4 protein chains.
Amino acid sequence: MSTTKPVHKRRSEKSRRAIYDAALALVAEVGYPRTTVEGIAARAGVGKQTIYRWWSSKADVLLEAFLDLAYESGQDPEQRQEQPEYAIPDTGDLAADLKAVLRATVDELRDPRFEGPSRALAAEGVVDEELGRAVVAKLLEPSLQLYADRLRAAQDAGEIRPDLDPRIALELFVSPLAQRWLQRTAPFSYEYTDTLVDYALHGLAPR
Amino acid sequence: MSTTKPVHKRRSEKSRRAIYDAALALVAEVGYPRTTVEGIAARAGVGKQTIYRWWSSKADVLLEAFLDLAYESGQDPEQRQEQPEYAIPDTGDLAADLKAVLRATVDELRDPRFEGPSRALAAEGVVDEELGRAVVAKLLEPSLQLYADRLRAAQDAGEIRPDLDPRIALELFVSPLAQRWLQRTAPFSYEYTDTLVDYALHGLAPR
Amino acid sequence: MSTTKPVHKRRSEKSRRAIYDAALALVAEVGYPRTTVEGIAARAGVGKQTIYRWWSSKADVLLEAFLDLAYESGQDPEQRQEQPEYAIPDTGDLAADLKAVLRATVDELRDPRFEGPSRALAAEGVVDEELGRAVVAKLLEPSLQLYADRLRAAQDAGEIRPDLDPRIALELFVSPLAQRWLQRTAPFSYEYTDTLVDYALHGLAPR
Amino acid sequence: MSTTKPVHKRRSEKSRRAIYDAALALVAEVGYPRTTVEGIAARAGVGKQTIYRWWSSKADVLLEAFLDLAYESGQDPEQRQEQPEYAIPDTGDLAADLKAVLRATVDELRDPRFEGPSRALAAEGVVDEELGRAVVAKLLEPSLQLYADRLRAAQDAGEIRPDLDPRIALELFVSPLAQRWLQRTAPFSYEYTDTLVDYALHGLAPR
DNA sequence: TGATAACCGAGACGGTACGTCCTGTCTTGAG
DNA sequence: CTCAAGACAGGACGTACCGTCTCGGTTATCA
């Protein structure tokens with residue numbers, strides 16, 4: 001897995017980039033199951049061993065390629081920092097802020113560049129525990145933490161109840177969104193996310 | 001896909017059963033990715049063609065095997081009906097009823113006989129749209145409808161707000177549970193499901 | 001090795017022939033070391049497994065292909081017998097008979113269709129004992145026995161000394177010829193083989 | 001090939017020795033085909049490039065390693081000369097002299113240190129013409145010349161017929177011995193070599 | 001007495017082939 | 001016509017080596 005990979009100085013940066021590009025392109029073009037290590041190597045103009053030297057599986061390659069894509073696409077390529085400093089906006093209106101962020105998430109999950117790899121990693125992670133944990137830790141956790149932070153701020157501002165566990169509270173709107181996307185159970189719209197926020201904030205019971 | 005399979009009278013019932021058993025056993029023993037059609041055929045003492053004649057893929061075999069398992073395990077084998085007539089209990093206390101059902105779901109998802117096949121089908125469905133829709137329709141939909149029915153009853157009883165869409169409302173507690181299980185993001189306990197019900201019913205905002 | 005291969009009825013005759021043809025053609029065109037199992041399979045329009053199912057190595061394929069070639073080329077394809085009934089001619093003049101046969105051998109060893117495979121099998125047999133024994137038994141032994149038979153007849157006719165061991169005696173002219181061919185130590189001509197026969201029959205010592 | 005290798009003074013003697021030792025050891029232990037350049041380099045504690053800098057192939061390495069071994073084992077390590085001055089003894093009894101030398105050859109070919117590399121070089125030479133010529137010139141030719149010299153002396157002494165070509169005459173006993181060894185066609189004994197000498201000297205025909 | 005160039009170990013690289021595994025199709029012979 | 005058995009063409013797997021190519025770190029002349 002990527003966490004234990006040897007970090008070597010002799011590694012070819014050019015090959016790494018070519019492998020990322022090839023992997024993402026193939027997943028987008030033919031889908032994850034029909035993407036093969038052999039195909040990635042051929043498309044990247046690289047020997048298969050160069051892939052196996054640095055990654056343990058095609059899922060591992062794709063995870064890193066996707067992380068790299070996410071990292072780069074969120075950065076001004078001119079002046080890149082070590083880590084992006086995103087945060088969910090805090091306008092003082094929690095409902096509005098959450099709806100805005102969830103709408104942005106809807107857009108992102110519909111972006112065809114992201115959809116293929118995201119689904120593939122999610123699926124593989126369901127079955128491969130090691131990969132699953134890596135996906136959660138590297139891909140999901142940072143975003144979830146932003147929600148938790150925003151909810152904590154809302155607690156301080158008295159917008160939500162002080163006794164709530166923010167890590168559970170955020171699941172009330174984040175998990176339904178993720179489920180709908182993964183399982184295609186129902187339409188995936190701004191209206192839906194807005195509704196989720198309303199339901200979650202005010203509860204199902206009458207008041 | 002299983003919807004288009006030829007329904008033939010000459011079909012060997014013994015082979016069908018042997019194939020289901022072999023498929024479930026292999027998924028449990030070596031995991032879904034290392035389960036192969038060839039392996040299922042060999043273990044079932046069946047020719048490969050017999051599998052390909054009736055199912056289109058190993059995912060299809062597994063889906064039917066799992067449906068069969070779920071059907072049989074919920075039935076008294078002596079007096080089996082066409083379809084089980086389950087319903088979520090209605091004691092008049094919605095919170096208590098939901099907590100009880102979710103606790104039962106937790107138990108079921110922890111059953112090792114179910115875990116392997118369930119994860120495999122969930123994962124495959126994420127990536128293979130056709131299978132995904134079949135899994136949702138045959139495996140999930142019946143259960144979800146039970147939740148929707150119970151929420152509708154609760155609306156009639158004035159336990160929850162009348163303007164809610166029950167199909168969305170149920171996601172507030174069902175989806176977080178599913179996500180935690182699929183992604184192993186956090187412990188999977190009665191305490192957690194109880195909390196979900198409380199948060200969902202009463203909302204995050206102070207009242 | 002070919003002696004232990006499973007003899008199955010379901011075997012595809014068409015594939016077998018295509019593999020033989022491809023193997024012989026490749027050895028002739030690119031040489032034995034650059035002939036690969038993969039290449040044979042591709043050229044024969046056959047899966048690699050079909051080769052590995054019936055032969056244990058490329059040497060084994062080539063041995064059988066070559067035996068088949070030798071068998072077929074010595075046969076009238078219309079009316080083929082189980083085993084060719086060759087014999088060294090017996091005109092009553094041993095020297096003349098041997099010279100004639102050795103000249104024919106020179107011609108055969110120069111035939112480009114035979115040279116490549118023959119060298120390859122000889123070389124491989126030097127290093128791989130199992131193959132070596134198979135080559136000797138199937139390829140060489142029949143011919144050597146013909147020499148032994150002719151020498152035995154010559155003994156009966158009083159042409160050579162009655163106390164000789166024919167299996168050793170024949171080596172005096174056969175082995176030098178083989179060595180020259182294998183090691184390219186010197187020209188390979190009718191004159192040379194004639195000389196060998198003379199030296200061997202009359203000895204090196206003066207009489 | 002070794003004839004074109006750069007002759008540089010900066011060359012590391014230690015590496016050269018380590019490479020020879022590793023090559024001979026590996027051929028003895030795992031056989032020639034499973035001996036690899038990479039394996040030789042690893043065992044010798046040497047970079048691969050150091051091998052490719054000085055030799056063109058593993059066969060080339062082995063040829064030089066073997067020549068070195070032959071040279072050293074035939075030398076008093078204290079007082080080494082450029083070239084050993086061997087000769088076949090001349091006691092005046094040609095048959096006895098040849099039998100003695102051939103018996104010594106039998107012993108040498110049975111020495112396990114020599115057997116592996118010798119077979120490997122012989123086999124490779126059958127298929128690779130360039131290497132074959134090098135093997136013959138450097139390994140065989142010197143010995144063959146000794147036989148030719150001894151036969152020439154025997155001609156002068158009237159022990160054998162004056163019109164014989166010694167380079168062909170010697171093949172009558174040397175080639176059968178080599179063939180038996182290479183092809184394992186039959187036992188390889190003193191009795192056999194003695195017989196060869198008798199047959200060759202006195203001929204097959206009655207006198 | 002440095003400077004500098006070749007040699008050295010190490011090992012990554014683009015490749016080729018290996019021998020195995022599995023796919024989905026096809027064929028055979030028994031029931 | 002179904003079935004068990006299993007051969008078939010095909011294709012991907014992950015591994016082993018090939019021969020080439022840097023990379024720093026010694027040597028060992030010669031300037």
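Below, chain A is the first sequence line, B the second, and so on; all start at residue 1. Everything numeric in this text was worked out from a predicted model, so none of it was measured.
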In whole angstrom, what separates C/Glu13's CD from E/dT28's P?
14 Å

Students often get this wrong, so: under 4.0 angstrom with heavy atoms, is D/Gly39 touching a base, only sugar-phosphate, or nothing?
nothing

Nearest of [options] to any side-chain atom of [X]?
{"X": "A/Thr50", "options": "F/dC3, E/dG14, F/dC13", "value": "E/dG14"}
{"X": "C/Glu38", "options": "F/dG10, E/dT25, E/dC18", "value": "E/dC18"}
{"X": "A/Arg10", "options": "E/dC13, F/dT22, F/dC8", "value": "F/dT22"}
{"X": "C/Val37", "options": "F/dA9, F/dA12, E/dG19", "value": "E/dG19"}

Report the residue (C/Ser15 or B/Ser15) whose heavy-atom-nearest nucleotide on DNA chain F is the more 5′ of the two.
B/Ser15

Using heavy atoms to find the nearest nucleotide of DNA chain F for D/Tyr52 and B/Ala41 separately, return the residue whose nucleotide is more 5′.
B/Ala41

Can you name the one residue among D/Arg43, D/Arg34, D/Arg113 that meets salt bridge (charged side-chain N to carboxylate O under 4.0 Å, His left out) with D/Glu29?
D/Arg43

Using the rule given for salt bridge (Lys or Arg N to Asp or Glu O under 4.0 Å), can you reason through B/Glu13 versus B/Arg17, listing the C-alpha separation, both sets of side-chain angles and the distance that settles it, and then say yes or no?
CA-CA 6 Å; B/Glu13 176 62 15; B/Arg17 285 246 37 90; 5.4 Å; no

Using a distance-only criterion (donor-acceptor N/O pair, under 3.5 Å, no hydrogens), is the base of E/dC8 paired with the side chain of D/Gln49?
no

Quiz question: going by heavy-atom distance under 3.5 Å, is there a donor-acceptor pair between the base of F/dG11 and the side chain of C/Lys48?
no

Please state whether the phosphate of E/dC13, meaning OP1 or OP2, lies under 4.0 angstrom from any side-chain nitrogen or oxygen of A/Arg53.
yes

Got a second to check how far A/Tyr32's OH is from A/Glu124's CD, nearest 0.5 Å?
3.5 Å

For the OG atom of D/Ser57 and the CD atom of D/Glu130, what is their distance to the nearest 0.5 Å?
8.5 Å

